[in-house]
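Following: one structure in structure tokens, then a few remarks.
Note that the structure is predicted; figures quoted are calculated from it, not measured. In what follows, residues are counted from 1 in the order of the sequence shown. Both ligands and their constituent atoms are indexed starting at 1 by order of listing.
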Amino acid sequence: MTTDSHKPIYLDHHATTPIDPRVLTAMLPYFTEHFGNPTSTTHQYGWAAEAAVTGARETIAAAIGASPEEIVFTSGATEANNLALKGIAEAYFAKGQHIITLQTEHNAVLDPCVYLESLGFTVTYLPVKLDGLLDLDRLKDAIRPDTILVSIMAANNEIGVIQPLAEIGKICRERSILFHTDAAQAIGKIPLDVNLLNIDLMSITAHKVYGPKGIGALYVRRRNPRVKISPQLHGGGHERGMRSGTLYPPQIVGFAKAVEIALADIDPNTSKLIELRERLWSQLSPIEGIYLNGHPTQRLAGNLNISVAGVDGNALLLGLRPTVALSSGAACSSAKIAPSHVLQAIGRSESLAYAALRFGIGHTNTVGEIDRVAQATIETIQSLRKLALRS
Ligand SMILES: *Cc1c(COP(=O)(O)O)cnc(C)c1O
């Protein structure tokens, strides 16, 4: 990867990642040469596209221990989450109308839950512990006879905390309650086997793992138990009726390639990212009034989220802007001026929730970049504190 000295260092890999050049190469023929519609079964243009989609579906299914017919392609994790929550709520309406989720979920889970509440469903938003992890006893206590679904994310997009999926899956399975997980940040970064973890539905996306934007999938379990979902897009009956709309072969091929590459290198990537993250934290942690947000080790390797006391969050981001591209929290909500709901859920005061930095390290980042970012962060905090003293 070339470095452009005029561009800030990219440390916003939880918002999105660049496409791996190998992914792009795999995608290109499906825009031009093999442009067919994969559901055109009467000619070889369609067959070529269909073969590519079939291969990609097998790769993605194998990556999560699923079978190919359990993969429903969507436009991303937002759509997959909507399909899971609304699709289950509609299909299991007669069984019950109670759903359990977490206060620290992405808006793509929280907002469909709020919508379902407006239709008469009841949603329990479980709190998390100060380290961002779910308290399993609280989950057990929240389950009611009319609970149809537990939706708990795999890894948090702000503080990187990885929830105890195996334990959650076990609790749900023992009580015959469906378990959905939003694994947008987790796919390709931590091992995810839907059978080992007792996951019934799982949302994934390509663009957080060096694949293209605009493509994702919902895993829907077909046996033990066979999960039913009501479609949210009606039309040509694609994806076994669960999601109509012409499939997008270049994106699907790119998605599979990205997942394949990520899993092949998962161990070296994880150790490299942990090394970079610890290098950054060891330089920042001596600063007075700096707090690590989220569990110190039970988190994504590339995630460091900190709060800084006594500085204005916006001024901090502004000061860092020439050096480093990062955000204070979720990209999709950074237009809002409200403090992060995730940081508030882990007990941060409003001012600490405002003054947060989310460093999302990716595997193209270097030791030199991390040191420059650490230096710039230290200097910006020092100068903002000096200014605050003077005024
Ligand atoms: C990015 C993200 C989403 C949304 O995924 P898209 O594919 O961009 O729609 C959902 N959940 C989490 C946890 C995310 O990080």
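With a heavy-atom cut-off of 4.0 Å, Lys208 touches ligand 1 through its side chain alone. Heavy atoms of Thr78 found under 4.0 angstrom from ligand 1 belong to the backbone as well as the side chain. Residue Glu79 does not touch ligand 1, judged by heavy-atom distances below 4.0 Å.
For atom 13 (C) of ligand 1, the closest non-hydrogen atom on the protein side is Asp182 OD2, 3.4 Å. At the top of the distance list for atom 5 (O) of ligand 1, counting protein heavy atoms only, stands Ala77 CB, 3.2 Å. For atom 7 (O) of ligand 1, the nearest protein heavy atom (residue, atom name, distance) is Thr205 OG1, 2.6 Å. Considering only non-hydrogen protein atoms, atom 8 (O) of ligand 1 sits nearest to His207 NE2, 2.8 Å.
No single ILVMFWY cluster, assembled from side-chain heavy atoms under 4.5 Å apart, contains both Ile148 and Leu126.
Here is the list of ligand 1 atoms found below 4.0 Å of a heavy atom in Gly76: 7 (O).
Classification of the Tyr45-Phe35 ring pair by plane angle, with boundaries at 30° and 60°, yields tilted.
Judged by the shortest distance from any of its heavy atoms, Lys213 lies outside the 4.0 Å radius around the atoms of ligand 1.
With sequence neighbours excluded, no residue satisfies ring-ring contact (aromatic ring centres under 6.0 Å, His included) with Tyr92.
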